[in-house]
*Asks:* 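My questions all concern the structure below.
Side chains are part of it too, since the values below use all heavy atoms of this structure and drop only hydrogens, waters and symmetry mates.
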Number of protein chains: 2
Amino acid sequence: MDDPNTLADTQFLLCFNVYSLHRSFGRFYQSAFSETGLTYPKVLILMALERHGPLSISALSSRIGVEPHTVSPIVKKLAGFGAITRERSEVDERRVELAITAKGQEVLDRARTVIEEGFAALGLEPDRMMEAMRFLDQAREAVEKADPPKLSFEGLE
Amino acid sequence: MDDPNTLADTQFLLCFNVYSLHRSFGRFYQSAFSETGLTYPKVLILMALERHGPLSISALSSRIGVEPHTVSPIVKKLAGFGAITRERSEVDERRVELAITAKGQEVLDRARTVIEEGFAALGLEPDRMMEAMRFLDQAREAVEKADPPKLSFEGLE
DNA sequence: CCCAAAAGCATCGTGTACGATATAATCGTG
DNA sequence: CACGATTATATCGTACACGATGCTTTTGGG
């Protein structure tokens, strides 16, 4: 897109760059995992359960930063494959407890290897990457706090 | 997530930060446009047609960086609302020509105002934002060139 | 002790993204 | 002129994301 000339244009261009890079990562993972049913969100879930498991659905969704009902169907699939266990808690029957299995650990380890090999030649400068990450995290907090006015007219549907 | 300790961890964390910010932006736009049928991709399409229109579906998809068949159903909806015109080219009947309408321009102008007001208080430092954008664009080019090895085992489905 | 409020999860509907596939139209070479 | 190759778009299926809604269970105040 064209060079921005106002702060608003710059912010909108940041948004577009994030959108573009997000989809590029998506295609990267799609290509790497195309012969399996694995996806990036599934890898995130396995990783969170590896490090912090066992977790409830709401705790897991908080860690990853998505809604619980986004996580619910995905963990059902991972459980169906045997990568995780998915059990209703006896202490609090509202909760479902999730834990990675040995098979899930193997899948995750192999996925990790593939991702690392794929990223090996990206050639991104570590210092700039760290600064970009700090900035992105601050941007996320700012965007989450933002309270935009509501556009209102006859809908597009 | 925990501090990364290798280049691979850092790259994966970059990926996660992009994923998180992308969804935060998504929620921002969802909130801003919740009373209309507008979405961020629709705004991108209107913006591209405003600046470079008229465009074919394939030209438009190239400008935005998504697949043509992603664009096809979205422009159908925008045409149904009257925000754009959608006409088969007489010169080359394979092509569909797209152009923004007066109504689409109005919708876009109002959406732009809402976005700018919503972004007004983000408080992001312009210099760091510009550097982050340059980095993200380089990262996107690198990721798009990357050729990850294929993970292969019994699928998850 | 009772009951309203809150919490946790599941389902439904919709939006966008991509891969695979199909159809129609155009191009370019022999 | 014919035909294979290529281009452009459309459809189908699947994945994930969120809002809305509903059901069940737990909590806590009166």
*Asks:* Compare side-chain N and O positions of T70(A) against OP1 and OP2 of dC18(D) and report whether any pair is under 4.0 Å apart.
*Replies:*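 For T70(A), the contact criterion (side-chain N or O under 4.0 Å from OP1 or OP2 of dC18(D)) is met.
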*Asks:* Under 4.0 Å between a Lys/Arg side-chain N and an Asp/Glu carboxylate O for R134(A) and D137(A)?
*Replies:* no
*Asks:* With a 4.0 Å cut-off, would you call E144(B) and R27(A) a salt bridge?
*Replies:*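 Judged by the 4.0 Å cut-off on N to carboxylate O distance, E144(B) and R27(A) do form a salt bridge.
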*Asks:* Could you check E93(B) against H22(B) and say which one's nearest nucleotide on DNA chain C is further toward the 5' end?
*Replies:* H22(B)
*Asks:* In whole angstrom, give the distance that lies between atom CD1 of I64(A) and atom P of dC18(D).
*Replies:*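 After rounding, the reported distance stands at 11 Å.
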*Asks:* To the nearest Å, how far apart are R23(B) CZ and dG19(D) C1'?
*Replies:* 15 Å
*Asks:* With a 6.0 Å cut-off on the ring centroids, do F12(B) and F25(A) count as close?
*Replies:* no
*Asks:* State whether E116(B) and R112(B) are salt-bridged, where the test is any N-O pair (Lys NZ or Arg NE/NH1/NH2 against Asp/Glu carboxylate O) under 4.0 Å.
*Replies:*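 No, E116(B) and R112(B) are not salt-bridged.
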*Asks:* Could you state the CD-P distance from Q30(A) to dC16(D), rounded to the nearest angstrom?
*Replies:* 11 Å
*Asks:* Taking the six-membered ring for Trp and the full ring for Phe, Tyr or His, determine whether the centres of F119(B) and F28(B) are under 6.0 Å apart.
*Replies:* yes
*Asks:* Does R27(A) make a side-chain N or O approach to OP1 or OP2 of dA17(C) shorter than 4.0 Å?
*Replies:* no
*Asks:* With sugar-phosphate meaning primed atoms plus P, OP1 and OP2, does Y19(A) contact a base, only sugar-phosphate, or nothing at under 4.0 Å between heavy atoms?
*Replies:* sugar-phosphate
*Asks:* I'd like to check Y19(B) versus R23(B) (side-chain heavy atoms, cut-off strictly below 4.5 Å). Are they in contact?
*Replies:* yes
*Asks:* Provide, to the nearest angstrom, the distance between the CG atom belonging to L60(B) and the C1' atom belonging to dT7(D).
*Replies:* 17 Å
*Asks:* Between dC16(D) atom C1' and F33(A) atom CZ, what is the distance in whole Å?
*Replies:* 15 Å
*Asks:* Which nucleotide in the set dG19(C), dG19(D), dT16(C) lies at the smallest distance from any side-chain heavy atom of I74(B)?
*Replies:*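 In terms of side-chain proximity for I74(B), the closest of dG19(C), dG19(D), dT16(C) is dT16(C).
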*Asks:* Go along nucleotides 8-13 of chain D 5' to 3' and tag each nucleotide: B for a protein heavy atom under 4.0 Å from its base, S when only backbone or sugar atoms are that close, - otherwise.
*Replies:* SSSB--
*Asks:* May I ask you to test the L136(A)-L136(B) pair for a side-chain heavy-atom distance under 4.5 Å?
*Replies:* yes
*Asks:* dT26(C) P sits how many Å from E90(B) CD, rounded?
*Replies:* 12 Å
*Asks:* Is any side-chain nitrogen or oxygen of K77(B) closer than 4.0 Å to OP1 or OP2 of dT16(C)?
*Replies:*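 Checking dT16(C) against K77(B), a side-chain N or O does come within under 4.0 Å of OP1 or OP2.
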*Asks:* Could you give the CD-to-P distance, from E67(A) to dT21(D), as a whole number of Å?
*Replies:*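 So the two atoms are 15 Å apart, to the nearest Å.
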